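Model, not experiment: these values are computed from the prediction.
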Amino acid sequence: MKTTVLERLSGTGLVLSASGEVLESAPYHLTIRRDGAEPPDAAAITGYIAPTRAVRRRSLDHGERLALRLEDGRHLPFVFVDPWGKVEACGPLTS
């Protein structure tokens with residue numbers, strides 16, 4: 001199966017709590033990709049966000065879903081999957 005990179009995103013965004021409270025700003029590096037067998041609207045979004053350890057722990061220890069407001073204004077709901085800042089989307093990237 002061929003994987004296609006649809007978009008690479010880098011910048012500094014705002015990390016938001018589940019209730020929309022701004023927790024802090026943090027640099028991010030994300031990749032949006034799609035496997036050839038998936039429908040066109042199904043894309044995997046992974047990458048790294050580098051907030052403080054306290055914010056990562058909030059997601060890892062308590063299972064809280066967070067959101068990232070990207071520099072271009074889009075929002076990405078995500079969870080941390082490791083203590084070093086690796087993330088996976090848990091919803092679509094929205095305007």
Nearest-0.5 Å distance, [atom1] of residue [X] to [atom2] of residue [Y]:
| X | Y | atom1 | atom2 | result |
| --- | --- | --- | --- | --- |
| Ile45 | Arg33 | CD1 | CZ | 11.0 Å |
| Leu76 | Leu70 | CG | CG | 6.5 Å |
| Thr46 | Phe78 | OG1 | CZ | 13.5 Å |
| Leu93 | Leu6 | CG | CG | 11.0 Å |
| Arg65 | Phe80 | CZ | CZ | 14.5 Å |
| Arg57 | His62 | CZ | NE2 | 8.5 Å |

What closest approach, in Å, do [X] and [Y] show between heavy atoms, and which atom pair accounts for it?
| X | Y | value |
| --- | --- | --- |
| Glu64 | Ala18 | OE2-N, 3.3 Å |
| Trp84 | Tyr48 | O-CD2, 4.2 Å |
| Pro77 | Pro92 | CD-O, 3.3 Å |
| Leu14 | Ser25 | CD2-CB, 3.9 Å |
| Ser17 | Leu66 | CA-CD2, 4.0 Å |

Side-chain touch [X]/[Y], heavy atoms, less than 4.5 angstrom:
| X | Y | result |
| --- | --- | --- |
| Glu71 | Ser10 | no |
| Leu68 | Leu30 | yes |
| Glu24 | Pro51 | yes |

Legend entry - Atom CZ of Arg74 with >12 non-hydrogen neighbours under 6.0 angstrom: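 Correct, the count exceeds 12.
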
Inset, instruction - Spell out, yes or no, whether Leu60 and Leu16 are grouped together once hydrophobic residues are joined by side-chain heavy atoms under 4.5 Å, including indirect joins. - result: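 Result: no, two separate clusters.
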
Legend entry - Any donor-acceptor pair under 3.5 Å from Glu88 side chain to Val81 backbone: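 A pair under 3.5 Å: no.
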
Inset, instruction - Examine distances only and state if a side-chain atom of Arg56 and a backbone atom of Pro83 form a donor-acceptor pair shorter than 3.5 Å. - result: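 Yes.
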
